[in-house]
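Contents: one structure, followed by commentary.
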Amino acid sequence: MRDATSENEPLGIRSMRSFFKHKNVITKDKGRLRLFGKPSIVFVDGITDMDLTAEKLLNKLDLPQKIERIAVKMNLCDYRRPETGAVSDPQVLESLLRGLRKKYPDSAISIVENDATSVSADRMIRYLGIDKISEKYSAEVVNLAHGKWITKQIDGYFTKSIEVPVILEDCDLLITHPKLKTHSMTKITCGLKNMFGCYRRKQKVKFHKFLDEAIVDINLALKPNVSIVDANICMEGIGGPCYGFPIKLGLMIAGKDVVAVDAFCARLIGFRPWFVGHIRKAASKDIGHLSYELSDCFNLGDKKLYHFEFDRTLYYLMKLSRTSGGFA
Amino acid sequence: MIRGAIIGCGKVASQRHMPCYRMMKNVEIVAVCDTSEKEARAFSRRNNIPSMYTEINDLFEKENLDFVDICTTPSTHYSICSNAIDHGLNVLVEKPVALSLEETLVLRDKSESRKVKVCPIHNYRFKENVLKATQMCKEGRVGKILKIMSIVHSSGPFPDWFWNEETTGGFLYESAIHFIDLQLMLCGDYNKVICLHKDFSEELKITTGISALVEYKSGTIGIIDVNAFSSSIYTHLDIFGTASNIHLKFFPEYFSTSLGPFTPYAEFKSENKRFFGYARAALFGLKKYNRDYHLRLLLEFVKAIESGHDVPVTINSIIPTMRLLEDLKKKDSVCMST
């Protein structure tokens with residue numbers, strides 16, 4: 001169900017409305033928009049040995065000693081090769097799986113992805129050889145589209161009830177494992193946006209008119225416990241999430257607060273988190289904190305070197321054409 | 001001061017190389033040599049060069065030189081280059097360094113045994129747009145190169161010596177060599193020519209067109225489309241990678257990349273750049289354009305002589321190019337099925 005107040009209103013007005021709505025929330029319910037609360041901890045490590053980095057980050061995250069069911073949500077948005085930075089890198093995924101299996105030898109690990117507008121998850125999994133990797137670590141690969149779904153009630157921006165995959169609802173540890181990329185509509189795509197792939201509908205392009213809100217809603221329904229960002233080979237440019245130039249940052253970023261991790265990633269690549277709609281709105285809905293603290297951080301050096309190319313003129317032109325021309 | 005001599009006083013020497021030498025403070029051209037005394041005299045007078053020769057051996061024996069720059073017609077490159085190596089001189093030689101792979105290998109072995117540097121002038125490697133493309137490929141921003149396509153459609157004027165394909169190598173060795181060389185520079189050595197089609201003019205006894213499909217060792221597929229008598233001058237090099245594509249145009253130079261849908265805005269932006277490049281060329285003359293990439297190569301060559309490092313284009317690096325050219329020249333049209 002869509003929010004009746006926002007129906008038939010242009011996106012800009014809706015955003016402003018929701019902004020003021022949440023300003024009210026701050027005054028009424030102190031501390032809901034926890035901008036200045038206790039910051040969440042984000043871990044950053046440079047990749048020298050991929051296995052070691054993944055293992056180190058998993059240990060730093062202070063996860064429970066015993067977990068029965070773990071689900072890792074990959075990022076397979078289009079038929080692209082891993083060297084493009086557009087899709088999950090099987091090598092990084094393998095390191096993560098190795099680390100998880102070492103830490104949790106008896107847990108049931110599922111690597112999950114859903115069909116998207118232009119992608120069949122099954123084919124992409126085979127294309128990248130993820131099925132073979134998961135077999136190696138006794139993990140199962142699940143295409144969410146073939147699984148069971150249940151309806152969940154949420155207090156969302158865009159909808160009040162949402163269908164979610166049972167496997168993700170039932171798991172004890174949900175890890176969002178995105179690629180760090182720029183996005184033609186949301187500026188950045190990271191942990192929060194990765195969960196957008198969990199909408200049941202295959203034609204997710206239909207949600208693009210309310211993308212920020214839709215991202216927040218799915219994260220309200222399926223809040224990831226951990227975000228482990230593959231920022232090794234990333235993607236920059238205005239063509240994201242599928243088309244862009246690969247850029248190597250050689251980093252792996254993790255945290256228990258998906259909003260804080262996204263906020264750090266946004267800042268790292270040259271965006272102010274507050275001005276990234278879905279991050280701001282996710283913070284408003286208490287999914288996580290906008291403020292973060294780097295713990296035991298790898299020496300990043302000159303941070304400007306990490307800034308991604310992003311043609312802002314074209315971004316606003318495209319935004320205008322979408323608003324006035326009705327392009328998705 | 002590095003002392004050099006120019007052999008061959010034609011258009012390439014006067015319009016391309018000499019303006020570069022004039023800009024280089026550590027190089028002095030002390031002599032010129034041309035079989036035509038009139039040409040040599042005029043060239044030396046125009047450029048204030050103290051000595052001129054009509055005999056190459058006289059030049060080699062009488063002058064104390066660090067290098068020679070061979071700008072003669074293609075059929076003479078091998079013999080002059082070989083002679084210069086025998087005299088222990090470093091050599092800068094216009095492309096093609098020789099008209100066969102065998103001769104190229106002889107020059108390589110000779111230069112290695114005499115410990116002299118030979119630099120074939122494959123100057124397109126130093127064009128600004130090519131340098132950008134090379135950099136992007138090295139950085140992995142193109143991903144894996146899947147296909148590379150060279151289209152070289154040209155039309156005259158062709159010099160008199162061009163028409164004898166036996167002695168010059170024709171259009172393939174004169175113009176297409178640059179674009180074939182760029183393919184090999186970006187994709188590495190090749191496996192085989194998968195198929196080939198040749199247009200041969202019986203009347204003129206020259207090859208007027210070559211279309212070929214080449215398989216590189218890296219798995220890249222190369223498409224070569226060379227045409228001498230075309231309705232337009234259309235010279236493109238397109239690189240299609242897994243991550244992004246690069247489009248290069250020449251005369252004037254153009255560089256653009258494409259990802260996903262090619263929007264009118266992106267097209268406008270890159271064509272706009274080309275337009276201003278064209279306007280700059282029209283305002284300041286094409287000389288600067290032609291000089292810049294020659295200058296980059298010549299500067300690197302002189303630096304290599306001074307420092308003892310490798311020259312910017314080694315004979316070893318052009319051997320795959322010479323082998324592919326020979327394959328394209330010698331093979332008849334081949335097709336996978338009839």
Side-chain angles (χ1 to χ4, degrees), chain A residues 47 77-91 117-119 124 127-128 179 181-185 189 205 208 232-250 305 308-322 324-325 327-328, chain B residues 128-149 186-188 215-222 237-249 254-277:
Chain A
I47 297 175
C77 59
D78 203 351
Y79 295 106
R80 313 298 311 277
R81 300 287 312 165
E83 67 264 19
T84 62
V87 292
S88 290
D89 187 339
Q91 259 186 306
T117 305
S118 54
V119 170
M124 252 327 259
Y127 182 53
L128 297 179
K179 294 290 292 186
K181 301 180 277 184
T182 47
H183 192 287
S184 61
M185 297 176 85
T189 156
V205 71
H208 276 191
N232 184 28
I233 298 169
C234 308
M235 203 182 83
E236 63 179 1
I238 192 69
C242 302
Y243 306 106
F245 294 111
I247 173 170
K248 188 162 179 155
L249 296 192
L305 292 175
F308 283 8
E309 263 178 33
F310 190 73
D311 188 339
R312 280 159 211 265
T313 316
L314 187 54
Y315 168 77
Y316 287 110
L317 263 174
M318 283 162 74
K319 198 169 180 177
L320 188 73
S321 75
R322 275 193 292 265
S324 56
F327 299 115
Chain B
E128 208 175 319
N129 55 353
V130 175
L131 288 173
K132 268 190 201 171
T134 314
Q135 184 66 19
M136 272 190 73
C137 292
K138 268 187 197 161
E139 285 172 356
R141 287 166 76 79
V142 180
K144 182 181 178 286
I145 302 176
L146 297 172
K147 285 196 180 71
I148 185 161
M149 182 160 70
L186 293 165
C187 304
E215 184 193 85
Y216 288 89
K217 284 180 179 166
S218 58
T220 306
I221 295 295
L237 181 73
D238 294 304
I239 302 157
F240 299 99
T242 50
S244 65
N245 308 325
I246 299 178
H247 310 283
L248 305 181
K249 293 181 193 172
Y254 166 94
F255 172 93
S256 77
T257 53
S258 66
L259 308 152
F262 205 43
T263 60
Y265 170 78
E267 214 158 345
F268 170 76
K269 210 174 147 188
S270 48
E271 284 297 339
N272 206 24
K273 270 187 198 164
R274 192 174 188 227
F275 170 77
F276 282 109

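Letters A, B, ... mirror the listed sequences (proteins, then strands); counts begin at 1.
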For atom CD of E83(A), is the number of surrounding heavy atoms from other residues, nucleotides or ligands below 6.0 Å larger than 12?
yes

Considering residues, nucleotides and ligands other than E271(B), do more than 12 of their heavy atoms fall under 6.0 Å from its CD?
yes

All heavy atoms of T84(A) vs all of T242(B), minimum pair found to be CG2-O, 3.0 Å

Heavy atoms of R141(B) and P246(A) approach each other most closely as O-CD, 3.2 Å

Hey, are the side chains of F245(A) and M136(B) touching, using non-hydrogen atoms and a 4.5 Å cut-off?
yes

Counting C-beta onward and ignoring hydrogens, is there a side-chain heavy-atom pair between K269(B) and D311(A) closer than 4.5 Å?
yes

Separation between CG (L259(B)) and CE (M235(A)), nearest 0.5 Å, reads 8.0 Å

Side chain, backbone, both or neither: which part of I233(A) has a non-hydrogen atom closer than 4.5 Å to chain B?
neither

